[in-house]
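See structure below.
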Number of protein chains: 2
Amino acid sequence: MAERTYNISELAREFGVTTRTIRFYEEKGLVSPRREGRKRLFSPADRVRIKLILRGKRIGMSLDECVEVIDMYDPRNNNAEQLQALLQRLRARRAKLLQQKQDIDDMLAGLADVQQLCEKALADATT
Amino acid sequence: MAERTYNISELAREFGVTTRTIRFYEEKGLVSPRREGRKRLFSPADRVRIKLILRGKRIGMSLDECVEVIDMYDPRNNNAEQLQALLQRLRARRAKLLQQKQDIDDMLAGLADVQQLCEKALADATT
DNA sequence: GTTTACGTTTACGTTAACGTAAATATTGGC
DNA sequence: GCCAATATTTACGTTAACGTAAACGTAAAC
């Protein structure tokens with residue numbers, strides 16, 4: 001079962017980024033496409049990593065942070081010490097994410113108030 | 001009722017940023033402290049604006065985006081056209097925020113799975 | 001056989017959001 | 001009167017995350 005591959009512009013199109021961006025991610029070691037001659041061949045795993053990176057970016061994470069989170073997924077840490085360290089990072093990240101959720105909810109509430117006022121003003125204007 | 005004021009290092013301490021950061025925000029027009037001689041005197045309103053800026057930053061917004069959101073709060077737009085434009089921006093921002101919430105929930109779920117595996121591995125190790 | 005479309009490397013440019021350093025007031029405490 | 005703490009302005013430096021341009025390879029299409 002030969003795994004499906006993607007070329008660079010295919011992925012760029014799918015995710016709405018430039019090829020430069022993807023090459024930059026390779027430079028940074030975020031993805032590691034195979035080569036066919038000089039051309040890059042991306043695996044489904046590469047594709048997922050890009051997806052995860054972009055998700056991280058949407059919530060304001062730096063590329064380094066994205067890597068940190070992605071790296072948490074593959075458990076190449078065996079001993080108890082490493083596992084404890086991982087748990088520590090998981091807790092820290094979770095706390096940040098919860099804070100962000102709170103911030104978003106606060107902002108949503110504020111904007112909802114503005115929207116109310118706005119719609120009321122419009123209704124009053126037409127009356 | 002003389003409004004309370006804050007000096008720069010007071011606010012910097014409260015929010016865990018440097019004075020440079022606050023001066024930079026003034027340069028950008030994000031806050032407009034009064035002056036007593038050369039010294040800056042920040043109003044409670046300035047303080048709130050800084051708070052809102054930092055909240056925006058926590059969820060990955062640029063300073064320009066923070067300004068955009070903050071500006072939505074004060075309705076110095078009267079006519080229907082402006083109100084419609086404001087509603088448009090409100091909807092756009094709301095959509096972004098909801099996407100971000102989704103992203104956060106997805107990531108939280110993923111990390112919870114990792115945590116499970118992690119704790120299980122630790123438990124198995126001690127058995 | 002030469003456009004056209006896509007790929008490559010190399011390398012310098014750009015923007016945001018401050019950091020950092022230097023030189024200079026101002027001010028309360030001893 | 002002087003020292004330490006805190007304020008100021010000016011200005012150059014830094015990092016992340018790409019943008020952009022140049023110069024080139026290659027393969028299908030007409």
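Labels below follow one simple rule: chain letters A, B, ... track the order of the sequence lines, proteins then strands, and each chain is numbered from 1.
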Not counting sequence neighbours, which residues clear side-chain contact (heavy atoms from CB on, under 4.5 Å) with B/R58? List them please. A/Q99, A/D103, B/L54, B/R55
Please identify each residue that fulfils side-chain contact (heavy atoms from CB on, under 4.5 Å) with A/L83, with sequence neighbours left out. B/C118, B/A121, B/L122
To the nearest angstrom, how far is B/E36 atom CD from D/dA7 atom P? 13 Å
Across all chains, not counting sequence neighbours, the side-chain contact (heavy atoms from CB on, under 4.5 Å) partners of A/D113 are none
Provide, to the nearest angstrom, the distance between the CD atom belonging to B/E10 and the C1' atom belonging to D/dA5. 15 Å
Pairs under 3.5 angstrom only: tabulate donor-acceptor contacts from the side chains of residues 64-74 of chain A to other protein residues two or more places apart or in another chain.
| residue | atom | partner | partner atom | Å |
| --- | --- | --- | --- | --- |
| A/E65 | OE1 | A/S62 | N | 2.9 |
| A/E65 | OE2 | A/R93 | NH2 | 3.4 |
| A/E65 | OE2 | A/K96 | NZ | 3.4 |

The side-chain contact (heavy atoms from CB on, under 4.5 Å) partners of A/R35 (sequence neighbours excluded) come to A/E26, A/R40
Please produce a list of atom pairs where a protein N or O lies less than 3.5 Å from an N or O of nucleotides 8-10 of chain D.
| residue | atom | partner | partner atom | Å |
| --- | --- | --- | --- | --- |
| D/dT8 | OP1 | B/R40 | N | 3.1 |
| D/dT8 | OP1 | B/R40 | NH1 | 2.9 |
| D/dT8 | OP2 | B/R23 | NE | 3.3 |
| D/dT8 | OP2 | B/R23 | NH2 | 2.7 |
| D/dT8 | O5' | B/R40 | NH1 | 3.1 |
| D/dT9 | OP1 | B/R35 | NH1 | 3.3 |
| D/dT9 | OP2 | B/R40 | NH1 | 3.1 |
| D/dT9 | OP2 | B/R40 | NH2 | 2.7 |

Can you sort out the partners of A/E27 under salt bridge (charged side-chain N to carboxylate O under 4.0 Å, His left out), two or more places apart, ordered by chain and number? A/R20
Set of residues satisfying side chain to side chain donor-acceptor pair (under 3.5 Å) with respect to A/S43, sequence neighbours excluded: A/D46
Those residues at least two apart in sequence (or on a different chain) that pass side chain to side chain donor-acceptor pair (under 3.5 Å) with A/Q88 are A/R91
Short side-chain N/O contact from A/Y25 to OP1 or OP2 of D/dC18, under 4.0 Å: yes
Once you round it to whole Å, what is the distance between P of C/dT26 and CG of B/N7? 17 Å
Distance, rounded to the nearest Å, where A/I22 contributes CD1 and D/dA17 contributes C1': 14 Å
Dot-bracket summary - DNA chain D, pairs being Watson-Crick or G-U whose distances fall under 3.5 Å, with | when paired to another strand: ||||||||||||||||||||||||||||||
Gap separating the CD atom of B/Q82 from the CG atom of B/N79, nearest 0.5 angstrom: 4.5 Å
Below 4.0 Å: OP1/OP2 of C/dG7 and any side-chain N or O of A/S9: yes
Rounded to whole angstroms, how far apart are CZ on B/R34 and C1' on D/dA7? 17 Å
Side chain to side chain donor-acceptor pair (under 3.5 Å) filter on B/T5, not counting sequence neighbours, yields none
Ignoring hydrogens and geometry, is there a side-chain-to-backbone donor-acceptor pair from A/Q115 to B/L90 under 3.5 Å? no
N/O (side chain, A/T18) to phosphate O (OP1/OP2, D/dG19) under 4.0 Å: yes
Give, ordered by number, those residues of residues 51-68 of chain A having at least one heavy-atom distance below 4.0 Å to an atom of DNA chain D; if nothing qualifies, reply none. A/K57, A/S62, A/L63
